[in-house]
Amino acid sequence: MKPTNTPILAPVAEKIPHVMSEHGVKRVDNYYWMNERDSPKVIQYLNDENSFTEQSTADLKPLEETLFQEFKKRIKEDDQSLPYKKNGYWYYSRHETGKEYAIYCRKKGTLEANEEIMFNVNEMAEGYAYYEMFISAISDDQNLVAFAVDTVSRRQYTIYIKNLTTGEILPTEIKNTCGDAVWAADNQTLFYTVKDKALRVYKVFRHSILDTNTKNDVLIFHEKNARFSIDIDKSKSDKYLFISTESTLSSEVWYLEADKPFDDFKLFHKRTPKLEYGIEHWGDYFLVLCNWNAPNFRLMKTPINNTAKEHWQDVIPANPEVKIEDIEIYNNFLVVEERKQGLTFLRVINIQTKESHYIDFGEPTYAAGIGDNLDMQSDLLRFGYTSLTTPRSTFEYNMLTQEKKLLKQQEVPDADFSPNNYETLRLWAPAEDGKQVPMSIVYKKGLELNGNNPTLLYAYGSYGYSMDPYFSVARLSLLDRGFVYVLAHIRGGEELGREWYEDGKFLKKKNTFTDFIACAEYIVQQKYTSPAKLAIMGGSAGGMLMGVVANMRPDLFNVIVAEVPFVDVVTTMLDESLPLTVGEYEEWGDPHDPQFFEYMLSYSPYDNVKAQHYPHLLVTSGYHDSQVQYWEPAKWVAKLRDMKTDHNTLLLKTEMDFGHGGASGRFQQLKETAFEYAFIIEKVMTTI
């Protein structure tokens, strides 16, 4: 009989040297062969890694199941979204107990009317390992709905059209789209976008429901610059259609009156390097949210019939201390979503009186944002609110009386849960260059600062994306086990304004990594935790962060979870055939430039793996991932296995049916989280 203590052997990836040369620098990639998608050899290797992961974590199955059941009991399974009204109908979605997907519904006239089920995604998803569906656009007469479906998890959607009166799905199939679409005012003409081979959104077409042959659709707009990607939208007034084409650093908008679908789109303002702007229709004006002489953006207006820049006038001037992130327009009010000192504020401006005030949230760290507000004549504002201790909530705010009413709060049907059980606060860590880096922290009350608390530190730090503190039912399972949860608002995000982002990109990207290390060091110094008890997590570009700090400071962490990590930075950014590469030059730099090449090479996780001890590592990947190709995590793990000098756990888990966002069903997603949390708990806690 085979001994029960026989060690499980990890897969050993074959080394086939592949030499690459750029700017006189030769690099040898022994695992470049993994790029061969659909190769039986590659598939076998990924399956072998999955088998190794499954065997290595078999003893965690009871904990995984316990965590999953804890997550489930905190979810109201038969929940319903808040209805919103549009052109005589109330729209909402709901979930049923035990079902993975939403059911999209509407009622005519009043909420007491009979329910019309537009889509039961549970039925539509039958037979698919992955199924994502969303509503793209509903015609003004509320009769036709364009909806998008992805069954591969590669973010290539097919758009279909359904007649909501008859229930018939038209024979039209519009393939290879990003799912975006808008209806013209004639209720018969649909504008949609499509992707190129690199999955960049690059064309806009016009489709008539009178012709089901999409080959007859008319090309309206073609973005030939590979650094730019297209978005199409409709004004809140429903009077204009907008085509926006954007790179990381500049943008351009074209507009068309919605009741003239066969006219040509007009250029609002020609793209200019480093000028970013977006527009909205407001009476006789277009509002322009832009960064013209305003790094943190300003709000301007210009007459509809004269959009030249010399006619732009300030509505809200630039403020170096406050970044304008979004606006909501009404006939009598203007709501501005601002960010300062790492937090979001909602400012309400009375257009007639010019008076303004802020909505009070009353917590030291939180996330807030403008919700669905479709009626321009209303005096009521819907906004969303959450914090590390407050479940996701939607409020209705009377802008005249300044009264706030809770419309809906995420229910946590767990008798043991109370927000009062937890403590949340904001801390600031001194960065390497003296900057102060904000952190949002939550833990169960009664915590002792003894340096012995298990801790999960999470961050992202790229693309100007701000990681706001939000509520998570899954996270409660960590907090109730004595964990401290820390969200680090490092540079590369925009929590402290545009400069915070600019200081974490291009040739300043290393600030992102040193900020994260500074946050980890600070919570250790303050005795929240210790390196032996510290786990860290990040995904995508945040997964790259995990790879960099693993190389830089492996002594500072016990366990790392890197979700779909972008780790082979140089090779990917040199390959213009890959999805999104060229458009990323304005985030990371163009490695065809020697200066950027050398800088990227100095931090790229894959290129900097070395013979040293590494923390316990769990790496996840999606075979159909369109953002980070599956081979990046796979190659990284293979190289780590070959070079690291410790006996710590190293696991690769590749979801063969999913892509960048993971599973599509709500319970499937919880199971993924349960697996990752079980891995973390087992590594940082002496007792479970």
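Given the structure is predicted, the values throughout are model-derived calculations rather than measurements.
Taking both residues in full, the closest heavy atoms of Ile159 and Ala146 are given as CG2-CB, 4.1 Å, listed atom of the first, atom of the second, then distance.
Ring to ring, Trp631 and Tyr45 are not that close: their centroids are 6.0 angstrom or more apart. Taking the six-membered ring where the residue is Trp, the centroids of Phe417 and Phe471 are separated by under 6.0 Å. Ring to ring, Tyr84 and Tyr92 are not that close: their centroids are 6.0 angstrom or more apart. Residues Phe134 and Tyr157 place their aromatic rings such that the two centres sit under 6.0 Å apart.
Using a 4.0 Å cut-off between charged side-chain N and carboxylate O, Asp372 and Arg382 make no salt bridge. With respect to the salt-bridge test (charged N to carboxylate O, under 4.0 angstrom), the residues Glu115 and Lys107 do not qualify. Under a 4.0 Å N-O distance rule, the pair Lys444/Asp480 qualifies as a salt bridge. Remark: Arg481 engages Glu70 in a salt bridge, criterion side-chain N to carboxylate O under 4.0 Å. The existence of a salt bridge linking Glu116 and Arg106 is confirmed by a sub-4.0 Å separation between a basic side-chain nitrogen and an acidic carboxylate oxygen.
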Problem set entry | From CA spacing to verdict: side-chain contact (heavy atoms from CB on, under 4.5 Å), Leu476, Tyr422 | CA-CA 10 Å; Leu476 295 175; Tyr422 309 95; 3.8 Å; yes
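Of the residues Phe383, Tyr470, Phe361, the one that meets the ring-ring contact (aromatic ring centres under 6.0 Å, His included) test with Tyr366 is Phe361.
For the residue pair Tyr101/Glu96, the side-chain donor-acceptor check at 3.5 Å is not satisfied.
Side chain of Asn421 to backbone of Asp416: a donor-acceptor contact under 3.5 angstrom is found. For the pair Ser621 (side chain) and Val619 (backbone), a donor-acceptor distance under 3.5 Å is absent. Between the side chain of Glu495 and the backbone N or O of Met467, at least one donor-acceptor pair lies under 3.5 Å.
Cation-pi check for Lys639 over Tyr31 is not met; the charged atom does not lie both under 6.0 angstrom from the ring centroid and within 45 degrees of its normal. Because its NZ or CZ atom is both nearer than 6.0 Å to the ring centre of Tyr623 and within 45° of the ring axis, Arg37 counts as a cation-pi partner of that residue. Taking the centre and axis of the six-membered ring of Phe119, the NZ or CZ atom of Lys162 falls inside the cone set by 45° and 6.0 Å. Geometrically, Lys635 engages Tyr606 in a cation-pi contact defined by less than 6.0 Å to the ring centre and at most 45° from the axis.
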